[in-house]
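Structure record follows, encoded as structure tokens.
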Amino acid sequence: AVWVGIIALAGVSAETGVRDERVVLPYLSVSGLSAGQLPTGRAEPPPRFPAVERDVAVIVGPGTAAGAIEATIRGAAGELLRDAALFDVYTGRPLEAGERSLAFRLRFADPERTLTEAEVDAAVATIVETLATSHGARLRA
């Protein structure tokens with residue numbers, strides 16, 4: 001069970017000058033949530049080598065799911081891609097009726113070394129080419 005309540009503190013006025021009846025503290029009892037135990041977290045050290053982020057916006061036709069585009073990006077990017085996140089969906093002018101623009105933030109990294117611009121550019125080019133052939137997507141300028 002989860003218990004929520006308020007505790008009134010007595011005797012605070014002697015030290016702070018605040019009246020006792022005005023001092024309250026909320027509390028939450030988490031017995032029943034994870035058996036009252038807090039989950040153990042796992043800390044990871046920050047990466048030694050920096051990640052490189054690129055934004056790619058593609059125009060797709062009606063019925064093309066953002067999830068399918070993301071899956072194609074992940075499949076085409078290779079082992080250097082660490083994350084692909086959709087951050088913008090746009091419809092309207094100057095796009096044609098039914099078209100929409102999907103913008104993804106791509107994060108590339110290698111745990112053993114710093115990536116070169118040429119490596120990241122090649123991965124992005126492969127992604128854009130694969131999206132064009134698989135989904136008829138075109139790069140938004």
CD of E119 to CG of L80: how many Å apart, nearest 0.5 Å? 6.0 Å
Within the distance-only criterion (no hydrogens, no angle test), does the side chain of R100 pair as donor or acceptor with the backbone N or O of T64 below 3.5 angstrom? yes
Pairwise side-chain contact, D83 with R74, heavy-atom cut-off 4.5 Å (strictly under): yes
Is there a path of hydrophobic side-chain contacts, each under 4.5 Å between heavy atoms, that joins V120 and L106? yes
Should I73 and L81 count as side-chain neighbours, where that means a heavy-atom distance under 4.5 Å? yes
Beyond-backbone contact of F87 with D55, side-chain heavy atoms, under 4.5 angstrom: yes
For atom CZ of R113, is the number of surrounding heavy atoms from other residues, nucleotides or ligands below 6.0 Å larger than 12? yes
Using the rule that Ile, Leu, Val, Met, Phe, Trp and Tyr join whenever any side-chain heavy atoms are under 4.5 Å apart, tell me whether V89 and F104 fall into a single cluster. yes
Say whether, by atom type as modelled, one donor and one acceptor occur between the side chain of S134 and the main chain of L131 under 3.5 angstrom. no
Salt bridge between R138 and E99, side-chain N to carboxylate O under 4.0 Å? yes
Between Y90 and R140, is any pair of side-chain heavy atoms under 4.5 Å apart? yes
Would you check if the side chain of R105 reaches a backbone N or O of E53 as a donor-acceptor pair within less than 3.5 Å? no
